[in-house]
Amino acid sequence: DKQVLDFCYQGFLKFESVVPDEVNRRTVEFCNEHAHGEPSGILDQAWFDQYVIKNEQAASAVRCLLSKNFQLPSIMSNHRNRCPWPAQNWHRDGGAIYTRQLNYLQGFYYPEDTPPEMGPTEVVPGSHFARHKATYMQHMRGISSAISTAAPAGTIFVTAYGIWHRRSKSTASGIRNLLKYNYWRTADPCRDWIIDPAF
């Protein structure tokens, strides 16, 4: 219950090192073999589906937020960058809708250690409630309340679709992979008697 309330207030949840090392290694190999922005073929890999898309901890949180029978991702994006690289402008992703309803979630997965030097994503807690167009966000530089998602390999974080985010500045050398995908609601919210039984 506390995590659900935290998500509603902050707009994101972070699950550190929940993907096994072997899956992280295989994911990096797949990304190196398919070094483009949309390696959706990885969704057909049973090992990826089980340990990332249906990760026990992250997918349980998704179910709590979107109810049962939520839709699984059909497209995979890789925000693959060669570091060093400047910070990205603040933005919310295209198609974000201003509503009190929670119908879409974004998943982000780091298959490798992603310290601050590798330019991890930054998010602004609570910004999924802010009604601003992208053109009004791009001029902003540092936002004091922004939080870095720097994390060890195997970390998944889940965000409200409309949260403000950006790639932070990277100063190290090398490739940073960040796999990004979406879940969405298929039914109206209702009490889930399996995870929330009646007293």
Side-chain angles (χ1 to χ4, degrees), residues 1-31 38-80 92-93 96 101-115 118 120-128 147-165 167 176-187 189-190 192 194-196:
D1 288 351
K2 183 181 183 306
Q3 285 182 306
V4 168
L5 291 173
D6 286 346
F7 179 91
C8 292
Y9 179 70
Q10 302 279 351
F12 70 96
L13 292 171
K14 187 175 177 183
F15 304 92
E16 286 200 4
S17 304
V18 294
V19 179
D21 290 341
E22 174 64 15
V23 174
N24 295 329
R25 183 188 62 78
R26 293 177 74 175
T27 300
V28 172
E29 289 176 357
F30 191 97
C31 290
E38 197 172 286
S40 295
I42 200 167
L43 294 170
D44 298 326
Q45 305 298 314
W47 51 269
F48 188 85
D49 183 65
Q50 178 182 355
Y51 292 104
V52 179
I53 299 303
K54 298 176 184 172
N55 179 274
E56 184 176 356
Q57 293 183 52
S60 292
V62 171
R63 182 179 180 183
C64 287
L65 295 165
L66 296 183
S67 299
K68 60 184 179 180
N69 299 324
F70 59 86
Q71 181 65 45
L72 295 174
S74 57
I75 296 174
M76 178 62 62
S77 299
N78 186 7
H79 293 261
R80 180 179 171 97
R92 65 172 75 239
D93 285 349
Q101 297 178 350
L102 180 64
N103 294 319
Y104 300 94
L105 293 173
Q106 295 184 106
F108 296 78
Y109 162 50
Y110 289 129
E112 302 161 288
D113 289 341
T114 309
M118 293 301 288
T121 295
E122 293 179 303
V123 297
V124 180
S127 60
H128 54 305
I147 293 177
S148 172
T149 62
T155 295
I156 294 173
F157 61 103
V158 176
T159 75
Y161 188 81
I163 199 167
W164 292 23
H165 62 284
R167 178 194 64 241
R176 185 213 70 167
N177 290 292
L178 172 59
L179 297 177
K180 184 176 175 183
Y181 44 96
N182 297 324
Y183 301 94
W184 60 95
R185 182 187 298 281
T186 62
C190 63
D192 189 328
I194 294 174
I195 62 174
D196 185 20

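All figures in this text were calculated on a predicted structure; none of them were measured in a lab. Residue indices begin at 1 and follow the sequence shown.
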Any ion pair linking Glu29 and Arg26 (charged N to carboxylate O, less than 4.0 Å)? no
Within the supplied structure, the quantity of interest is the number of heavy atoms (other residues, nucleotides, ligands) at a distance under 6.0 Å from Glu22 CD; does it exceed 12? yes
Please tell me if the side chains of Thr186 and Lys68 come closer than 4.5 Å, counting only heavy atoms from C-beta onward. no
How about Tyr183 and Ile53: do any of their side-chain heavy atoms sit closer than 4.5 Å? yes
If you look at every heavy atom in Phe48 and Tyr109, which pair is closest and at what distance? CE1-CE2, 3.8 Å
Distance from His165 atom NE2 to Thr159 atom OG1, nearest 0.5 Å? 7.0 Å
Within the structure provided, determine whether Ser77 and Leu179 are in side-chain contact (heavy-atom separation under 4.5 Å). no
Distance from Ser60 atom OG to Gln3 atom CD, nearest 0.5 Å? 10.0 Å
Using the side-chain contact (heavy atoms from CB on, under 4.5 Å) criterion, which residues pair with Asn103? Sequence neighbours excluded. Gln101, Arg185
Under a 3.5 Å distance rule, please check whether Thr114 uses its side chain to pair with a backbone N or O of Tyr110 as donor and acceptor. no
Any chance you could measure Met76, atom CE, to Glu38, atom CD, to the nearest 0.5 Å? 10.0 Å
Can you see which heavy atom on Lys14 is nearest to which on Ser148, and at what distance? NZ-O, 4.3 Å
Non-hydrogen atoms of Asn24 and Ala153 that approach each other most closely: ND2-C, 3.7 Å
Walk me through whether Phe108 and Phe157 qualify under ring-ring contact (aromatic ring centres under 6.0 Å, His included). CA-CA 5 Å; Phe108 296 78; Phe157 61 103; 4.5 Å; yes
Is Tyr104 close to Asn182 at the side-chain level, that is, under 4.5 Å between some pair of heavy atoms? no
So, Asn177 versus Glu112: side-chain donor-acceptor pair below 3.5 Å or not? yes
Backbone of Val18 reached by a side-chain donor or acceptor of Tyr51 within 3.5 Å: no
Hey, what do you get for NE2 (His128) to OH (Tyr9), rounding to the nearest 0.5 Å? 10.0 Å
Counting only N and O atoms by type, is there a donor-acceptor contact under 3.5 Å from the side chain of His79 to the main-chain atoms of Arg167? no
Locate the shortest heavy-atom distance separating Pro152 from Glu16; write the atom from each residue and the value. CD-OE1, 3.8 Å
Donor-acceptor side-chain pairing of Ser74 and Tyr181 below 3.5 angstrom: no
4.5 Å side-chain heavy-atom contact, Tyr161 and Arg92: no
Below 4.0 angstrom, N of the basic side chain to O of the carboxylate: do Asp21 and Arg25 qualify? no
Could you please spell out the steps behind the side-chain contact (heavy atoms from CB on, under 4.5 Å) verdict for Trp184 and Leu105? CA-CA 6 Å; Trp184 60 95; Leu105 293 173; over 6 Å; no
Quick one: closest heavy-atom pair of Pro115 and Pro120, and the distance? O-CD, 3.3 Å
Using modelled atom types and a 3.5 Å cut-off, is there a donor and acceptor pairing between side-chain atoms of Asn78 and backbone atoms of Leu178? yes
Are any of the side-chain heavy atoms of Trp47 and Val52 separated by less than 4.5 Å? no
Tell me, with the steps shown, if Val158 and Phe12 meet side-chain contact (heavy atoms from CB on, under 4.5 Å). CA-CA 5 Å; Val158 176; Phe12 70 96; over 6 Å; no
Shortest non-hydrogen contact between Asn55 and Ala58, atoms and distance: OD1-N, 3.1 Å
Just how far is it from atom CG of Asp44 to atom CG of Asp49, taken to the nearest 0.5 Å? 9.0 Å
Could you pull out all residues at least two apart from Asp113 that satisfy salt bridge (Lys or Arg N to Asp or Glu O under 4.0 Å)? none
Tell me whether Thr27 contacts the main-chain N or O of Pro111 through its side chain, where contact means a donor paired with an acceptor under 3.5 Å. no
Does any N or O in the side chain of Thr155 come within less than 3.5 Å of the main-chain N or O of Ala151, such that one atom is a donor and the other an acceptor? no
In Å, rounded to the nearest 0.5 Å, how long is the span from CD of Glu122 to OG1 of Thr149? 8.0 Å
